[in-house]
Amino acid sequence: MKKIKTEVLVIGSGFGAAAPALRLAQAGHEVLMIEKGKGFEPDRDARQTQDPRYLMQYLKSVSSDSISFTYAEALGGGSGFYEMVSLRAPSKVFEQVDENGDRLWPSGIDRLALDPYYDLAEGMLNVEQIGVDEIPKSGVAFSMLMKNLGYSCDRARYAVKGCVGSGFCVSGCLFGAKQSLHLNYLPQARDAGMRVMTDIEALSIAPLFGNVRTTHGMRSIPDLPYRYEVHCRETCTGEVFAIHAKVVIMGGGTVGTAALLLRSKETLPFLSRHVGKNIAFNGSVKAAGLLPEGFVEGDMLSGRSHPGMISYQFFESLGITISSAKPLPLHVIVAARLKIAGDKRNPSHWGEAQVELMKLYRRRMIVLYALGLTPPAAEIRKVGSNKFEPRLQLSESLRQYYKKTKVLLNSIFERNGCSVLDTQTIDEKGEPYSDIHFDTTHMIGSCRMSDRKENGVTDAYGEVFDYPGLYVTDGAAVPSSLAVNSSLTILANAERIAAHLARKYTQRRERIIAKDL
Amino acid sequence: MEVANESIPALTKDDGTFLARKISRLDFVKQMALLSGAVLVGCSPLKIFFKAYPGKFDTDSALVDRILRAFVVTVIPGASFDQPDLVRIYTDEFYPFRNYCGFFAADLVQRSKELFGTEKFDELTLEQRTSVIQNGLEADSTLRQLYTGAIFMAQVSFYGSVYNDDRGCALIDFHGTNSGFTPDEMCYNNASLSLAKEITSTGNYA
């Protein structure tokens with residue numbers, strides 16, 4: 001079997017992987033990044049399209065009855081396809097506790113501790129608050145809904161520079177406006193010497209010698225032995241090969257990292273039992289309504305896909321934020337199947353009637369979604385040789401959360417004179433789910449950080465308990481719901497861990513250089 | 001009907017898309033025993049399974065193309081019969097519907113004959129074709145699913161312009177590929193009058 005050696009192996013290329021890859025490459029270490037998905041350069045590969053074949057090349061999902069996770073598999077991870085919302089997690093997020101009263105976040109990690117890394121991440125991504133004159137029409141409509149009820153609504157922050165409002169953010173930005181990782185971390189890491197291989201799936205990890213724990217205190221990468229063997233497969237050819245590394249950083253996302261460790265349980269027998277568990281998912285609840293005639297109109301077909309605003313009105317009382325969504329134009333077609341609540345007529349979903357509905361929905365449909373501090377109750381399980389399924393037990397408190405949140409969102413519509421649209425989530429078979437179903441792109445925590453192995457998979461710096469040199473730096477490490485979009489927190493936490501790794505593994509190298517001089 | 005020695009395709013609903021799955025001869029016999037009470041002619045899944053419709057709908061692609069085009073211009077007002085890619089989605093290998101094109105076209109033709117005395121579905125008037133499609137939507141659950149799926153696929157293809165990023169769809173003012181919109185098109189120039197109060201100075205909550 002072919003073998004490749006590298007000092008540092010980074011698995012994945014999204015927010016959680018790119019930061020440590022860059023910082024360790026900048027520190028002079030040999031870094032190899034492998035990515036399961038295809039190479040993706042926005043200026044070359046992005047399309048303004050709704051072609052399912054294109055979208056499904058890069059966007060994947062796993063689902064079960066009560067929950068679905070959607071994620072990206074491509075160079076740059078979700079950064080090529082996300083909506084650029086870049087918000088810091090509120091302080092209260094870090095105070096969340098589990099059922100035993102133990103803090104979910106490791107000691108010493110709170111908003112204050114993360115702020116310097118939020119600053120760093122925001123600087124790298126050119127994050128700015130949207131200007132008043134840049135708010136898309138749908139965002140203004142949402143803000144007006146809140147204003148009419150005496151509620152607050154703030155302008156959100158985005159990793160975008162020079163947005164032209166094409167509306168195709170989630171299929172990839174052709175204009176270089178979306179500050180995906182392709183514009184900053186990845187090219188800078190390459191300039192610092194990082195190598196990248198795409199279409200490579202990491203299959204399993206094994207220690208290269210009997211007791212890797214003997215290397216626990218070692219701090220100099222040049223002095224470290226090669227500690228881990230990662231079995232990989234080229235997805236195009238099926239060829240299997242191995243990579244030997246001194247330090248392995250797992251940044252393949254909440255689903256990818258958990259899947260990799262679950263596949264590696266036999267070769268990593270001391271792994272925590274928490275691998276794949278404790279997944280937080282931001283409790284996303286959605287509702288759709290039709291603005292009344294004469295109300296400020298939105299526009300589903302122009303402007304950035306997250307239309308500019310977020311409300312913290314209910315964050316202290318209910319632990320939720322509310323935003324408005326503006327999906328791809330294709331969704332207008334799908335949305336035209338929605339019924340107005342209480343309207344007994346069965347709308348005809350084809351012909352002239354449907355065209356009129358779509359025109360109406362373009363200007364007057366508004367979609368709200370709430371993100372909340374729901375507990376980390378989901379998990380990922382291995383259900384076949386290489387198949388994984390999410391699971392979520394719908395507790396009574398989760399049902400109450402869903403119901404109350406949905407009632408609140410609908411009441412915002414009703415008290416503004418909007419018609420509420422009956423929405424149903426449908427499964428892969430096209431059938432409505434029979435019970436509550438959460439679908440999210442904000443799943444985090446499948447290999448969470450913790451103070452103790454009894455409660456998590458890694459320590460506060462992402463190092464897997466009992467496996468020195470093996471790290472989790474992506475969303476899988478983040479231990480709680482955030483009530484805001486997760487990308488900036490994932491990146492800030494990855495920067496925090498990367499700074500620690502750069503200090504830890506570079507000390508000796510610097511001393512050697514000084515001695516040589 | 002002869003049964004192949006090794007394996008034959010069987011219709012399953014394990015993923016709701018009627019994906020064909022090979023079964024052994026023994027399993028086929030067991031399935032036939034279970035289904036022996038079903039009325040073959042009236043049971044849509046079996047009609048598809050046994051290809052119980054005229055063979056020309058599987059071999060004459062021009063015929064099927066014509067029928068499907070007539071279907072699409074009925075469900076999509078303003079679609080042109082000769083438009084390129086009008087029915088491409090139905091035979092696209094990416095979608096399972098390609099396995100049922102022949103059956104679907106045959107069903108439209110059969111209903112056309114039952115309702116209006118002619119197999120020439122594509123020569124019916126718009127109102128007549130509408131009636132045929134409505135008749136299919138009111139048939140058994142399998143056909144309802146098939147007709148609904150076919151309508152939806154037409155809409156995704158046409159309104160979503162999935163085979164031509166640039167074209168968009170004039171019917172719903174969708175521009176397709178675009179170079180962006182002007183501030184006047186995207187935003188309101190007096191937005192501040194409509195905005196709610198803000199409680200942060202930066203957009204980040206403390």
Side-chain angles (χ1 to χ4, degrees), chain A residues 47-53 87-88 90-91 111 129-130 132-137 140-141 143-144 146-147 151-157 163-167 175 296 299 301-303 309-313 315 321 329-330 332-333 349-352 354-355 358-359 362 427-431 484, chain B residues 13-17 74-78 92 94-95 130 133-134 137 145 148-149 151-152 154-156 158-166 168-169 171-183 185-189 191-206:
Chain A
R47 281 170 58 190
Q48 289 186 3
T49 186
Q50 301 169 98
D51 182 357
R53 199 194 305 247
L87 293 163
R88 302 188 187 202
S91 300
R111 169 67 181 269
Q129 189 178 25
I130 192 171
V132 170
D133 54 354
E134 296 173 300
I135 303 169
K137 289 178 178 173
V140 174
S143 189
M144 186 108 192
M146 301 303 275
K147 179 181 181 180
Y151 297 149
S152 66
C153 199
D154 284 68
R155 287 169 293 126
R157 298 173 64 85
C163 177
V164 301
S166 75
F175 305 100
V296 163
D299 186 353
L301 298 186
S302 71
M309 309 297 289
I310 180 166
S311 176
Y312 295 107
Q313 177 71 37
F315 183 68
T321 63
L330 189 67
V332 178
I333 299 158
H349 289 130
W350 53 291
E352 290 282 354
Q354 213 233 3
V355 174
M358 284 190 289
K359 284 180 181 168
R362 176 185 172 171
D427 62 17
E428 289 161 350
K429 302 175 190 176
E431 299 291 331
V484 295
Chain B
K13 213 175 171 180
D14 54 14
D15 67 351
T17 56
T74 310
V75 303
I76 307 276
D92 191 324
F94 190 72
Y95 305 103
T130 301
I133 295 169
Q134 198 58 46
L137 283 167
Q145 211 166 345
T148 303
I151 290 170
F152 185 61
Q155 291 166 339
V156 165
F158 191 88
Y159 298 133
S161 190
V162 299
Y163 290 109
N164 187 332
D165 294 344
D166 292 331
C169 180
L171 276 184
I172 58 168
D173 259 345
F174 168 43
H175 296 152
T177 305
N178 64 75
S179 53
F181 294 87
T182 65
E185 287 171 319
M186 279 196 284
C187 313
Y188 289 113
N189 56 19
S192 57
L193 299 176
S194 305
L195 298 180
K197 68 176 185 286
E198 296 188 340
I199 57 172
T200 74
S201 56
T202 62
N204 284 317
Y205 193 82

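Chain letters run A, B, ... following the sequence lines, proteins first and then strands; every chain starts at 1. Heavy atoms only: backbone and side chains are in, while hydrogens, waters and symmetry mates are out.
- Contact annotation for A:R111: only side-chain heavy atoms (C-beta onward) come within less than 4.5 Å of a heavy atom of chain B.
- Under the side chain to side chain contact (heavy atoms under 4.5 Å, CB included) criterion, A:S302 pairs with A:D299, B:F181, B:M186, sequence neighbours left out.
- Expressed to the nearest 0.5 Å, how far CD1 of B:I199 lies from OH of A:Y312 amounts to 8.5 Å.
- Expressed to the nearest 0.5 Å, how far OG of B:S201 lies from CD of A:Q129 amounts to 7.5 Å.
- Heavy-atom pairs under 4.5 Å with chain A were tallied for B:D173, B:N164, B:L137, B:N189; the largest tally goes to B:D173.
- Between the side chain of A:Q48 and the backbone N or O of B:N178 there is at least one donor-acceptor pair closer than 3.5 Å.
- Looking at residues two or more places apart in sequence or on another chain, you find a side chain to side chain contact (heavy atoms under 4.5 Å, CB included) between B:A154 and B:V72, B:V75, B:I76, B:Y90.
- When each of B:S161, B:A191, B:P183, B:S179 is checked for heavy-atom pairs under 4.5 Å with chain A, B:S179 comes out on top.
- Of the residues considered (A:I310, A:V296, A:I130), A:V296 shows the highest number of contacts with chain B, using heavy-atom pairs under 4.5 Å.
- Contact annotation for A:Y151: only backbone heavy atoms (N, CA, C, O) come within less than 4.5 Å of a heavy atom of chain B.
- Using a 4.0 Å cut-off between charged nitrogen and carboxylate oxygen, A:R53 and B:D92 count as a salt-bridge pair.
- For B:T182, no part sits under 4.5 Å from any heavy atom of chain A, backbone or side chain.
- Using a 4.5 Å cut-off between heavy atoms, A:R157 contacts chain B through its side chain alone, with no backbone atom that close.
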